[in-house]
Amino acid sequence: MPVKSNIKEKLRDILLGCLQRVADNNNIHLDGIDFVEIDRPANFEHGDYATNLPLRITKLFGNNPMAIADQIISEWPDTDFLSEISVAAPGFINFKLEDKWVQAEIGHIIEDGTNFGDNHLDNLEKVMIEFVSVNPTGPVHVGHARGAVIGSSLANIMSAAGYAVTREYYINDAGNQMQLFFESVLARYHELLGSSYQLPEGGYQGDYIKDVAELLHAEFGESLIGNSDAINEMAKFSTDTMLNAISEDLFELQVEFDNWFSEKSLFGSDEYRDTIGELESKNYLKEMDNALWFVSTILEEEKDNVIVKSTGEPTYFASDIAYHRNKFKTREFDQVIDIWGADHQGHISRLKAAMRALDIDDSKLKILISQMVTLKKGEEVVRASKRTGDFITVKELVDEVGADACRYFFLARSASSQMEFDMELAKKTSNENPVFYIQYAHARIQNILALATENQIDWEQADLALLNNIHELNLIKALLRLPEVIHQVADSLEPHHMPHYALELASYAHAFYEHCRVISSDPNDEAITKSRLRLIQAAQVVFGKCLNLMGMNAPDRM
RNA sequence: GCCCCAGUAACUCAGUGGAUAGAGUGACUGCCUUCUAAGCAGUAGGUCGCAGGUUCGAAUCCUGCCUGGGGUACCA
């Protein structure tokens with residue numbers, strides 16, 4: 001089993017123990033001790049890790065922070081991984097890692113291999129991450145790409161963090177947008193055959209509708225004209241065609257799913273009926289103006305919401321309640337993460353209210369909003385609208401910019417910030433992109449390892465204590481942070497920390513490369529050569545893992 | 001009107017209660033006879049939107065305001 005070294009966790013455990021002993025000595029009762037934070041100081045002179053704990057408990061202890069800090073470190077047990085524990089004004093405790101311990105960790109990284117950095121939780125939690133879930137009425141466009149990248153990387157990272165993750169795509173294959181889509185396809189189909197058919201009001205106009213119509217013609221010939229019996233087959237064919245296209249485009253972006261869940265299936269089974277029944281029996285429903293309403297105002301919502309329209313059709317909200325009830329009650333997920341576009345933001349609060357109505361703990365439903373992407377081509381802002389057919393698809397974006405750069409850019413920004421994506425800039429400066437900086441570090445390492453193998457150097461046994469200059473130690477310490485970053489991302493649901501970490505790691509790797517010659521022709525350097533090969537083998541493990549978690553390639557040469 | 005998100009270097013963005021606010025790009029200076037210069041080393045660049053407040057300490061929390069985006073459907 002991996003779990004060798006989450007340094008922060010180690011420090012936190014020891015710190016909590018010391019804190020408890022100090023509290024006992026002073027007859028102080030500790031209740032909430034969830035405020036123990038271990039940070040990495042900005043200034044390296046303050047050590048490798050630090051805590052502000054003494055500053056935060058002055059009131060509880062009725063003492064000044066420096067005195068508390070002294071008491072805490074006087075309780076510190078013997079540890080092999082620290083070389084120095086010191087108190088600094090106004091009340092920080094700073095920790096320096098022991099070089100010998102740091103050097104020896106290289107062996108653990110190599111031993112763990114692709115499992116390095118994985119966390120293992122005591123209880124295996126079932127987590128569903130639902131993302132993209134674009135209506136199968138058109139291709140995936142740029143706005144969706146951001147959620148797709150965030151969702152897929154978060155899934156990878158949470159999986160590494162020890163959760164049992166299911167990646168799901170919710171297919172909105174019911175409702176009137178689908179009807180509009182079918183009508184639009186039929187209109188193009190008739191047009192193709194020289195027959196007349198009215199394109200419906202607000203119908204879809206993109207060229208891809210014509211493509212579907214042509215495929216429809218290839219499949220069904222002219223048999224659909226005036227044949228209303230064939231509408232179901234036609235609908236299924238059109239939907240499947242779109243879903244295949246969506247799936248293929250997402251695959252190009254390195255986005256895949258474990259499960260595709262059909263909205264329609266909620267109506268085929270009893271899920272929808274049971275959901276309405278449960279809301280009914282708990283008195284959350286009322287009839288008004290021939291429609292059925294969810295009385296969310298009981299749950300402190302601003303307004304009530306229609307569940308079943310006066311036409312008798314369920315609203316999107318209705319099936320979404322049934323869908324989320326299915327996630328929690330039928331499939332028993334411990335945690336459900338939905339990744340939505342900013343235009344669905346207003347839906348959060350009422351869906352959570354619906355969960356409470358069904359006696360589901362709504363804190364287990366986490367909704368991440370991926371903010372708007374403004375797509376630019378130079379100075380020109382590209383508006384995306386499916387209905388007018390004027391949009392940049394994911395496919396176009398990936399073809400132009402490349403999946404790796406695309407993923408990196410979407411991933412590096414926090415989901416809650418709106419962002420600009422300038423395609424011309426991304427293309428033009430692609431050689432200077434951070435993504436290449438990271439991949440280049442990996443490629444350089446691979447190149448040295450390949451050369452060492454070619455030269456038949458055996459670096460299995462090496463004296464790691466030789467790795468004692470600043471560049472070597474910085475690099476190893478950076479490698480050892482991967483488990484912390486994985487933990488941080490899974491905990492905060494903020495995958496953007498991963499690319500930032502990767503960039504910092506690459507910076508240490510390049511500095512090492514520049515200052516530390518690995519393969520030397522001087523026979524006197526044999527020992528350090530082996531040690532450094534050992535180091536970069538560990539680095540290769542971490543770069544590979546990191547890029548893999550982000551869904552990016554780790555090229556051997558560039 | 002109300003709700004959500006954002007405003008940090010010339011540009012794109014990190015940092016969300018701690019120590020001297022960071023990175024990439026762009027600008028400027030150096031560095032290739034040795035494992036890839038898609039690199040390294042350095043310089044310049046800041047009223048953290050504005051104004052109050054909270055405390056030992058605020059870019060970070062609270063209040064108000066300004067600016068930009070999104071939402072506020074018997075659309076999804």
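To find a chain, count down the sequence lines: A is the first, B the second, and so on, and within it residues start at 1.
Contact annotation for A:A291: base contact, defined as any heavy-atom pair under 4.0 Å involving a base atom. Nucleic acid contact class of A:R40 (heavy atoms, under 4.0 Å, all strands): none. At a threshold of 4.0 angstrom between heavy atoms, the contacts of A:H515 are confined to the sugar-phosphate backbone, with no base atom among them. Heavy atoms of A:N94 sit under 4.0 angstrom from at least one base atom. Base engagement by A:D289 is indicated by at least one non-hydrogen atom pair under 4.0 Å involving a base atom. At a threshold of 4.0 angstrom between heavy atoms, the contacts of A:M558 include nucleobase atoms, whether or not backbone atoms are also involved. Using a 4.0 Å heavy-atom distance criterion, A:E302 is classed as a sugar-phosphate-only contact. Using a 4.0 Å heavy-atom criterion, one finds that A:A450 contacts no nucleic acid atom at all. When heavy atoms are screened at a 4.0 angstrom cut-off, A:F317 is found touching no nucleic acid atom at all. The residue A:S349 sits apart from the nucleic acid: no heavy atom pair falls under 4.0 Å. At a threshold of 4.0 angstrom between heavy atoms, the contacts of A:A50 include nucleobase atoms, whether or not backbone atoms are also involved. Counting non-hydrogen atoms under 4.0 angstrom, A:S310 reaches a base of the nucleic acid. Looking at heavy-atom distances under 4.0 Å, A:E420 makes contact with sugar-phosphate atoms alone, never a base. Nucleic acid contact class of A:L503 (heavy atoms, under 4.0 Å, all strands): sugar-phosphate only.
B:A19 has A:H46 stacked on its base ring, the centres lying under 5.5 angstrom apart and the planes within 30 degrees of parallel. Remark: ring of A:Y440 does not overlap the six-membered base ring of B:G39 in a stacked fashion, as centroids less than 5.5 Å apart with planes less than 30° apart are not both met.
In this structure, the ring of A:H500 has its center no less than 6.0 angstrom from the ring center of A:H497.
Between A:S521 and A:P41, it is A:P41 whose nearest contact on RNA chain B lies nearer the 5' terminus.
Here the separation of B:U25 from B:G68, taken at their P atoms, is 32 Å to the nearest Å. Distance check on atom P: B:C4 versus B:U20 gives 34 Å, rounded to whole Å. Rounded to the nearest Å, the gap between the P atom of B:A9 and that of B:A14 is 13 Å. Spacing between B:G1 and B:G57 at atom P, rounded to whole Å, works out to 36 Å. The C1' atoms of B:G15 and B:G22 are separated by 7 Å, rounded to the nearest whole Å. Across the P atoms, B:G39 and B:G26 are found 9 Å apart, a figure rounded to whole Å. Separation of the P atoms belonging to B:U60 and B:G69 is 25 Å when rounded to the nearest angstrom. Between B:G46 and B:A21, the two C1' atoms lie 9 Å apart (nearest whole Å).
Counting only heavy atoms from C-beta on, A:R56 has its side chain closest to B:G18 among B:G18, B:A76, B:G15. Of the candidate nucleotides B:C75, B:G15, B:G39, B:G39 has the atom nearest to the side chain of A:H510. Listed nucleotides: B:U72, B:G70, B:G69. Nearest to the side chain of A:Q345: B:G70. Of all nucleotides listed (B:A41, B:A19, B:C13), B:A41 comes nearest to the side chain of A:A511. The side chain of A:N135 has B:A76 as its nearest neighbour among B:C35, B:A76, B:A19. Checking B:A6, B:A37, B:A76 against every side-chain atom of A:N172, the shortest atom distance belongs to B:A76. In the set B:C40, B:G69, B:C75, B:G69 carries the atom at the smallest distance from any side-chain atom of A:M372. Closest approach to the A:L55 side chain among B:C5, B:A38, B:G18 is made by B:G18 (side chain taken as heavy atoms from C-beta onward). Here B:A19 is the nucleotide among B:C40, B:C75, B:A19 with the atom lying nearest to any side-chain atom of A:A88. Taking only side-chain atoms of A:H344, from C-beta outward, the nucleotide of B:C40, B:A76, B:C35 with the closest atom is B:A76.
If you check B:A51 for Watson-Crick or wobble pairing at under 3.5 angstrom, you find it paired to B:U63. Across all strands shown, B:A37 forms no Watson-Crick or G-U wobble pair with both distances under 3.5 Å. B:G42 is paired with B:C28 under the criterion used here, namely a Watson-Crick or G-U wobble arrangement in which both key atom distances are under 3.5 Å. For B:C13, the paired nucleotide is B:G22, the pair qualifying as Watson-Crick or G-U wobble because both relevant distances are below 3.5 Å.
A:E526 CD: 12 or fewer foreign heavy atoms inside a 6.0 Å radius. Sparse packing is recorded around NZ of A:K264, with 12 or fewer heavy atoms of other residues, nucleotides or ligands lying under 6.0 Å away. Enclosure of atom CD in A:E313 by more than 12 non-hydrogen atoms of other residues, nucleotides or ligands within 6.0 angstrom is indicated.
One cannot find a donor-acceptor pair under 3.5 Å joining the base of B:C5 and the side-chain atoms of A:S416. Taking only distance into account, the side chain of A:Q418 meets the base of B:G68 through a donor-acceptor pair shorter than 3.5 Å.
Comment: A:R40 does not engage A:E484 in a salt bridge, judged by the lack of any side-chain N to carboxylate O separation of less than 4.0 angstrom.
Across the protein-nucleic acid pair, A:D404 atom CG and B:A38 atom P stand 18 Å apart, rounded to whole Å.
Partner A:D338 forms a side-chain hydrogen bond (donor to acceptor under 3.5 Å, both in side chains) with one of A:K366, A:H347, A:H344, A:K327 and no other, that one being A:K327.
A:N135 and A:Q177 are not linked by any side-chain donor-acceptor pair at a separation below 3.5 angstrom, with hydrogens and angles left out of the test.
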